[in-house]
Amino acid sequence: MYYYVEHQMTLSSLPLSDPLGDIVEPLKELIKSVHLYDSYANTVNAFNVFAVIVSIDRLTGLFSGKELKREVSSRLKKYHASYETNAGVDNKYLVLKAKIFIPLLKYNISWPIILISRLRRFIYEHRKKNKLPTEQISISKEND
């Protein structure tokens, strides 16, 4: 059984629009400086995918309308500028929803991420308003 509790003042709860995006370029430079970039470019791309999804999710909670469109467009430009086109994406550790978004991000299609973010926020607020548990609980049954 896994039990997740949301805490205030954690990285995931702070109102940062792009909590991971500014890490991608320094990460690339660090890996290049130790001459391992060819071996880990696909891992940097995977991190970049994760970072842009987190950012678009955050932007969806902070902006709407034209502002949201402008902010998401700006974030996608940063994503494409950091994406290594000569490498793939090491998706071994990416969650399924991130894997699904990879081809969409390639063509600047962000509306599914925005839609899922809005739906997730709606469910969270509905549960909070109705005093239902907001913690995420996941139970996995072990095989005997």
Atom CG in Leu59, atom CZ in Arg75: separation rounded to 0.5 Å? 8.5 Å
According to side chain to side chain contact (heavy atoms under 4.5 Å, CB included), who are the partners of Phe50, at least two apart in sequence or on a separate chain? Leu20, Val54, Leu94
Show me the donor-acceptor pairs within less than 3.5 Å that the side chains of residues 100-119 make with the rest of the protein, sequence neighbours left out.
residue : atom : partner : partner atom : Å
Asn108  : OD1  : His80   : NE2          : 2.8
Ser117  : OG   : Asp57   : OD1          : 2.7
Ser117  : OG   : Ile113  : O            : 2.9

About how many Å separate CD1 of Ile23 and CG of Asp18, when rounded to the nearest 0.5 Å? 9.0 Å
Leu62 and Glu71: side-chain contact (heavy atoms from CB on, under 4.5 Å), yes or no, with the steps? CA-CA 10 Å; Leu62 296 172; Glu71 293 293 328; over 6 Å; no
More than 12 heavy atoms of other groups within 6.0 Å of Lys77 NZ: no
Closest contact, heavy atoms only, Asn45 versus Gly88: ND2-O, 2.9 Å
Could you go through Arg120 and Tyr124, starting from their C-alpha distance and side-chain angles, then the distance that decides it, and tell me whether this counts as side-chain contact (heavy atoms from CB on, under 4.5 Å)? CA-CA 6 Å; Arg120 184 180 62 79; Tyr124 177 81; 5.7 Å; no
Tightest non-hydrogen contact, residues Arg121 and Gly61, listed as NE-CA, 3.3 Å
With sequence neighbours excluded, what pairs up with Lys28 under the salt bridge (Lys or Arg N to Asp or Glu O under 4.0 Å) test? Glu25
Donor-acceptor check, side chain of Ser17 to backbone of Ser55, threshold 3.5 angstrom: yes or no? no
d(Leu27 CG, Glu29 CD) to nearest 0.5 Å is 10.0 Å
Set out, in order, the CA-CA distance, both residues' side-chain angles and the distance that settles side-chain contact (heavy atoms from CB on, under 4.5 Å) for Lys78 and Asp22, then state yes or no. CA-CA 9 Å; Lys78 186 190 296 188; Asp22 291 334; 3.1 Å; yes
Sequence neighbours excluded, which residues qualify as salt bridge (Lys or Arg N to Asp or Glu O under 4.0 Å) partners of Arg70? none
Got a second to check how far Ile53's CD1 is from Tyr79's OH, nearest 0.5 Å? 8.0 Å
Could you go through residues 35-43 and list every donor-acceptor pair under 3.5 Å that involves a side-chain atom there, pairing it with any protein atom two or more places apart or in another chain?
residue : atom : partner : partner atom : Å
Tyr37   : OH   : Glu84   : OE1          : 3.3
Thr43   : OG1  : Asp90   : OD2          : 3.4

How far apart are the C-alpha atoms of Leu76 and Ile56, what are their side-chain angles, what is the distance that settles it, and do they pass the side-chain contact (heavy atoms from CB on, under 4.5 Å) test? CA-CA 9 Å; Leu76 286 171; Ile56 293 172; 4.1 Å; yes
